Every structure is written in C-alpha cells, then in structure tokens.
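Report on the structure given below.
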Amino acid sequence: NMEEAFVEIRRFDNKLKFASEKYVDLIAAANEENMANGGSSVEIPSTEFHNSALARYISMILYRSTGKLDSALVDKKYIDSAFLTQKKLYDFPKPKTIEEELQIPASKARLNVIAFSGRSPIKREEIIRLIFSEDLYYKVAFPVMEKQYSGITSIDVTVTPLDNNNVPIESDLQKISMEKIESIENIAIDTFAQKQTLLYTKAIARSLSKTVGSSLLGYAASETGNDIFSVLQLVSLFAIEATERADVRTSRFFPGAAWVTGITLDPGEYRVTVQYKNRSGKIVSSETEDLIVEKNSLNVV
C-alpha cells in the first residue's frame, strides 16, 4: 500500500525526535529526587541514533519507484550521512549497492532484496551494593542490555529468469551477496542508554529511601534499647534484599541486523533464492520466491 507506506515515511522524523528527547526531563526529575535524599546526580547521556539508513533505504526505493528522483536522492544523502556521522552504530562498510539504486537505464528494471538475521539484544539484571556501615547498606538492581549471538555471517541471493513455462533458465543465473545496512542491536543498545539511566536513578532513589528507613530503625533500637526496633531493622534489610529487582522484560521478536542488495534486470519473471550462511559457508536457511520484475515499479523481496 504505497499511500500508507509514504505516511509512515513522513512519520519517521517525528519518531526519531521523540526517541532522543523522551527521557531527558524524566532523568532530570529523578536526579533532583536523588540529591534531595543525599544521593548524587547522574549525567544524562545523549543518544547517538538520529538517522536510520534502513528507513532511508526503504524511503529511497519507494520514491524512485514513483518517479520522485529528487526525493530519492535526498534519502540517499541521508544514508551517506548515517554512515558518516554515526560510526559507533554503523561499524561496518556502507553497502556498495546503494550507489547503483538511482542509475537504472530506461529499458531496465530494478529488483531489491531486504533480509534480516539474528535476534535483538536481551536484558539481564546487574546488582550493586553500597555498604555504609556494618549493618547498613543499600542494594541497587538495574537492567543492562547485551547482544545475542548469531551464526549468520553472510547472505547470498540467486536470481534466475523463468521461461514461458516457469522453468528456470540456469544459464542466465546471477548470484550476488547481500550487505548489512543496519545493526538493529547497536541501535537498541544506544537508544536504551537514556532509559537505563532513568531506571538507574530511580533505583537509587528507591533504595535510598528504604535504607534511610532501616537506619532510623537502627537508631531507635540503640537509643531505646528496645529489641523490637532491631528486629524491624533486620526485617527491613531482608525486605531491601528481596524486593529490589530489575525489570528485565523486553521484546524478543526483533532481528539483530538488516541486509540489502539490488540488481538491475530486464523486465520479466524471475525466481529469487535467498540463502543464509554461517561462518564456514554452510547454508543454514533458504527462501525462494517467484515474481514478475517490472520497469518503473517497486520490485521487492
């Protein structure tokens, strides 16, 4: 649905701005609460992610397919900028195929392939204990995000023309390798940094308030000699240990990386096979699709 696709493209800039500004005010408020309880301020991290090469790539081929080459060229420049200005996130070469996307002869058609591999990062709990005295400490539990291993190191695409009887013409087979365009796992970790800081400052504020309550019970026990306060302090310390837990829930259905390639073809019907391979070159998974590739159209697998 081209119309709805362009709506999403236009919404994209707003989504990026929202992602980078979402937690700034919340972190500042949590810092104020921490300092009021005797804690220290935490630095607000900046988000490096401000431009998505994958989103710009999709936008570029959408505009190209509708003949809006000026808009497609703007998206190509955004892709160049993403790799130039966000090197921490794009720590791999820019796909060479991008340079060919706006140089299609009038008699030819362009086939684009987009593939995904790996799994997005997961969260695990990290615990810090700060000890004030023999019987007084506070525990802080907060989530950290870490990458998951993927065995896929390369993706190959085979494009074979079909004759009038849908039989592959093997002599005209073409094989190309896909190139990574986006590390979704790098972006997930970068954009989580601000939320992680907010969770960290809130965890400190929460734990400080619990510890202050425990320390008051200890003071009451020493001043009054009443054992009930000592028992309550012990219960309070156990409660701090038992209830301070990090929220490690996370979406587990996102891929870890996005790959692209493109090939210029004569208009016609083709069989496209995508092969996912591991480090030793073994095919781990394969997908095949037949489609008609047309001029001045969006041909995407």
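Any value given below was found using the heavy atoms of this structure, including those in side chains, with hydrogens, waters and symmetry copies removed. Computed from a predicted structure; not experimentally measured.
The main-chain N or O of Gly118 is never found under 3.5 Å from a side-chain atom of Gln148 such that the two would form a donor-acceptor pair. Asn278 places a side-chain N or O within donor-acceptor distance of the main-chain N or O of Ser280, the cut-off being under 3.5 Å. Under a 3.5 Å cut-off, the side chain of Glu179 and the backbone N or O of Thr261 do not form any donor-acceptor pair. For Tyr57 (side chain) and Lys76 (main-chain N/O), no donor-acceptor pair under 3.5 Å exists by modelled atom type. A distance-only check finds no donor-acceptor pair linking the side chain of Thr160 to the backbone of Ile169 [under 3.5 Å]. Although no hydrogens or angles enter the test, the distance criterion places no donor-acceptor pair under 3.5 Å between the side chain of Ser81 and the main chain of Lys77.
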Do Leu73 and Asp70 pass the side chain to side chain contact (heavy atoms under 4.5 Å, CB included) test, and can you show the C-alpha distance, the side-chain angles, and the key distance before you say yes or no? CA-CA 5 Å; Leu73 182 60; Asp70 287 343; 5.5 Å; no

Do Val293 and Glu269 pass the side chain to side chain contact (heavy atoms under 4.5 Å, CB included) test, and can you show the C-alpha distance, the side-chain angles, and the key distance before you say yes or no? CA-CA 6 Å; Val293 177; Glu269 191 166 1; over 6 Å; no

Starting from the C-alpha separation in whole Å, work towards a yes-or-no answer on side chain to side chain contact (heavy atoms under 4.5 Å, CB included) for His50 and Thr85. CA-CA 9 Å; His50 60 270; Thr85 62; 3.6 Å; yes

Passes side chain to side chain contact (heavy atoms under 4.5 Å, CB included), Lys108 versus Asp266? Steps please. CA-CA 5 Å; Lys108 298 284 187 176; Asp266 291 322; 2.7 Å; yes

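Ion pairing between Arg110 and Glu101 holds under the 4.0 Å rule for side-chain N and carboxylate O. Salt bridge status for Glu99 with Lys94: present, with a side-chain N to carboxylate O gap under 4.0 Å. A salt bridge does not link Glu170 to Arg271: none of the charged side-chain nitrogens sits closer than 4.0 Å to a carboxylate oxygen. Of the charged side-chain nitrogens involved, at least one lies within less than 4.0 Å of a carboxylate oxygen, so that Glu126 and Arg124 count as a salt-bridged pair.
Counting only heavy atoms from C-beta outward, the side chains of Lys123 and Arg249 never approach each other to under 4.5 Å. At a threshold of 4.5 Å between non-hydrogen side-chain atoms, the residues Pro105 and Thr264 count as touching. Within the 4.5 Å cutoff, side-chain heavy atoms of Pro95 are placed close to those of Val260. A heavy-atom distance below 4.5 Å is found between the side chains of Thr158 and Leu173. Ile114 has its side chain within reach of Ile58: a pair of non-hydrogen atoms, C-beta onward, lies under 4.5 Å apart. With contacts defined as side-chain heavy-atom distances shorter than 4.5 Å, the pair Ser286/Thr273 qualifies. Val272 is not listed as a side-chain neighbour of Thr288, based on a closest heavy-atom distance of 4.5 Å or more. Side-chain contact check for Ile104 versus Arg64: some heavy-atom pair is nearer than 4.5 Å.
Side chain to side chain, Asp91 and Asn186 meet the donor-acceptor criterion of an N or O pair below 3.5 Å. A donor-acceptor pair shorter than 3.5 Å can be found between the side chains of Ser52 and Glu182.
Residues Ile98 and Leu69 are members of separate hydrophobic clusters, defined by side-chain heavy-atom contacts under 4.5 angstrom among Ile, Leu, Val, Met, Phe, Trp and Tyr. Using a 4.5 Å cut-off between side-chain heavy atoms of Ile, Leu, Val, Met, Phe, Trp and Tyr, with links allowed through other members, Leu102 and Val300 fall into the same hydrophobic cluster. No single ILVMFWY cluster, assembled from side-chain heavy atoms under 4.5 Å apart, contains both Ile189 and Tyr149. Val113 and Ile292 fall into different hydrophobic clusters, where Ile, Leu, Val, Met, Phe, Trp and Tyr are joined by side-chain heavy atoms under 4.5 Å apart, directly or via other members. Cluster membership for Ile184 and Ile152, using ILVMFWY side-chain heavy atoms within less than 4.5 angstrom, is not shared.
Contact detail for Ile61 and Leu298: the closest heavy-atom pair is O-CD1, 3.7 Å. When every heavy atom of Phe49 is checked against every heavy atom of Thr191, the shortest pair comes out as CD2-CG2, 3.8 Å. Across all non-hydrogen atoms, the minimal contact from Val248 to Pro143 is CG1-CB, 4.4 Å. Closest approach of Ser65 to Ser297, counting heavy atoms only: CB-C, 3.7 Å. Closest approach of Trp259 to Ser117, counting heavy atoms only: NE1-OG, 2.8 Å. Of all heavy-atom pairs spanning Thr250 and Ile122, the tightest one is CG2-CA, 4.1 Å.
Here the two rings, on Phe116 and Phe254, have centers that are 6.0 Å apart or farther.
Here CG of Leu162 is found 5.0 Å from CG of Asp290. Values are rounded to the nearest 0.5 Å. Separating the CG atom in Asn51 from the CG atom in Asp80 is a distance of 10.0 Å, to the nearest 0.5 Å. Interatomic distance, CD1 of Ile181 versus CZ of Arg56, reported as 12.0 Å (0.5 Å rounding). Interatomic distance, NZ of Lys295 versus OG of Ser107, reported as 7.0 Å (0.5 Å rounding). In this structure, the separation between NZ on Lys277 and OG on Ser154 is 6.0 Å, given to the nearest 0.5 Å. Here CG of Asn299 is found 12.0 Å from CD1 of Ile263. Values are rounded to the nearest 0.5 Å.
Between Gln275 and the options Ile155, Ile283, Val157, a side chain to side chain contact (heavy atoms under 4.5 Å, CB included) holds for only Ile283.
For the pair Lys180 and Phe92, the cation sits on the ring face: its NZ or CZ lies under 6.0 Å from the ring centre, inside 45° of the axis.
Taking the six-membered ring where the residue is Trp, Tyr63 and Phe6 present tilted rings, their angle falling between 30° and 60°.
Counting heavy-atom neighbours within 6.0 Å of Asn166 CG, excluding the residue itself, gives a total above 12. For Tyr78, the OH atom sits in a loose shell: 12 or fewer heavy atoms of surrounding residues, nucleotides or ligands are nearer than 6.0 Å.
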